[in-house]
Protein chains: 2
Amino acid sequence: MDDYQELARRVRAQGGRMTPQRQIVLEAISALDGHASANEIYEWVAARAPAVNRATVYRVLRFLCEANLVAPFATDGVMLYELVGARPHHHLVCRGCGHVEPIPAQALDVLVTALCREHGFQAELRHLAITGLCRECRQ
Amino acid sequence: MDDYQELARRVRAQGGRMTPQRQIVLEAISALDGHASANEIYEWVAARAPAVNRATVYRVLRFLCEANLVAPFATDGVMLYELVGARPHHHLVCRGCGHVEPIPAQALDVLVTALCREHGFQAELRHLAITGLCRECRQ
DNA sequence: GTTTCTGCAAAAGCTTTGCAGTATC
DNA sequence: GATACTGCAAAGCTTTTGCAGAAAC
């Protein structure tokens, strides 16, 4: 997680203001392995700052997405939010236990190029979520 | 879409019964390009059979998923349902207009093999949804 | 001091569930 | 005739919104 000054700078670059709520939501996602649902984030925040409201968490998340500090992706009817890091990567989402495991982007650029060439589709592979069963749930 | 007899056989193979509601839900998905949200399916059905209830559509969809006649996949907080066809394929989901375009599976078997070998993850690439912007929404 | 943000409460959208009656086998 | 399925109504869960007050700039 970047330090407070850097975050404040990026928030203000969006014409926004830095607040304790925005800071603690970012801390929460960071503490939750860099990706979590709105509810998980709310629970984490509520344990430390009970005054923070659920609606605020959702509004903060939307703001952070628009500020490109956080990226949303969909899994099984629930939205997950992840910190936008330096390295692009993808997600293995287990439909058994819900565990999300990041994997490096690597050779999928070939796929992106092909999709663009053949379908005119600009894939955003940062948000690619591959559903399946993890090692534990396969047994 | 398979004919009624074949569908009825597969439904009964699950220990279920063939009903007009289950038939018309399958018709709806077929008419909606083979993939649709629960709401789209409900609207299509309601236009032809107003007596069919929303809850029934959801229950039918769950049954059909368990019967492997239909497969669910997640996009932007809404569940989509698709007919399980002969050929596996994937989906390009536009986050601008919500349009879903199927693409052939092709060379992604390499990816599946790699994920299994390196992460012990059994990918279900039938349900792979790639988010991005379609040709129209890019402009 | 102005503008943005938050808390509260209420509501909207999607999905599930309990129950009594109905339809399928 | 026994069992599974449906309609209805109600509720559960996730997410959004209107508004008045508070905080950041």
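Computed from a predicted model, the values in this text were never measured in an experiment.
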Q: Taking it one step at a time, do His119(A) and Ile103(B) satisfy side chain to side chain contact (heavy atoms under 4.5 Å, CB included)?
A: CA-CA 9 Å; His119(A) 297 86; Ile103(B) 57 170; 3.3 Å; yes
Q: Check for me whether Arg135(B) meets the cation-pi criterion with Phe121(A), that is, NZ or CZ under 6.0 Å from the six-membered ring centre and within 45 degrees of the ring axis.
A: no
Q: Do Met18(A) and Phe63(A) share a hydrophobic cluster, counting only Ile, Leu, Val, Met, Phe, Trp and Tyr and linking them when any side-chain heavy atoms are less than 4.5 Å apart?
A: yes
Q: Quick one: Gln21(A) CD to dC8(C) C1', roughly how many Å, whole number?
A: 14 Å
Q: In terms of the nearest nucleotide of DNA chain C, which residue is placed more toward the 5' end: Arg54(A) or Arg62(B)?
A: Arg54(A)
Q: Name the nucleic acid region contacted by Ala55(B), choosing base, sugar-phosphate or nothing; use a 4.0 angstrom heavy-atom cut-off, strictly under.
A: base
Q: Out of dA9(C), dT6(C), dT6(D), which nucleotide sits closest to the side chain of Val60(B)?
A: dT6(D)
Q: What nucleic acid atoms does Gly15(A) come within less than 4.0 Å of, heavy atoms only: base, sugar-phosphate, or nothing?
A: nothing
Q: Mind checking whether Arg17(B) and Arg12(B) have side chains closer than 4.5 Å, heavy atoms only?
A: no
Q: Set out, line by line, the N/O atom pairs under 3.5 Å between protein and nucleotides 20-24 of chain D.
A:
{"from": "dA24(D)", "atom 1": "N3", "to": "Arg17(A)", "atom 2": "NH1", "distance (Å)": "2.8"}

Q: Under a 4.0 Å heavy-atom cut-off, which of residues 33-45 of chain A touch DNA chain C?
A: none
Q: Roughly how many Å is it from CE in Met79(B) to P in dT14(D), rounded to a whole number?
A: 14 Å
Q: I need the Glu6(B) CD to Leu69(B) CG distance, nearest 0.5 Å.
A: 9.0 Å
Q: When rounded to the nearest 0.5 angstrom, what is the spacing between CZ in Arg10(A) and CG in Asn68(A)?
A: 8.0 Å
Q: What's the CZ-C1' distance between Phe63(A) and dT17(D), to the nearest Å?
A: 19 Å
Q: Got Tyr81(A) and Cys65(A) here, is their nearest side-chain heavy-atom distance under 4.5 Å?
A: yes
Q: Whole angstrom is fine here: how far is it from CD in Gln14(A) over to C1' in dC25(D)?
A: 17 Å
Q: Side-chain N or O of Asn53(A) less than 4.0 angstrom from OP1 or OP2 on dT6(C)?
A: no
Q: Considering residues at least two apart in sequence or located in another chain, which fulfil the side-chain contact (heavy atoms from CB on, under 4.5 Å) criterion with Ser37(B)?
A: Asn39(B), Glu40(B), Val78(B), Leu80(B)
Q: What is the distance, to the nearest angstrom, from the OH atom on Tyr81(A) to the P atom on dT14(D)?
A: 12 Å
Q: Could you tell me how the ring of Phe73(B) sits relative to the ring of His91(B): parallel (under 30°), tilted (30 to 60°) or perpendicular (over 60°)?
A: parallel
Q: When we call it a touch if two heavy atoms are under 4.0 Å apart, what does Arg22(A) touch: a base, just sugar-phosphate, or nothing?
A: sugar-phosphate
Q: CG of Leu61(A) versus P of dT14(D): gap in Å, rounded?
A: 14 Å
Q: Hey, is the side chain of Tyr58(A) poking within less than 4.0 Å of OP1 or OP2 on dT16(D), counting only N and O atoms?
A: no
Q: Rounding to a whole Å, what distance do you find between Ile24(B):CD1 and dT6(D):C1'?
A: 14 Å
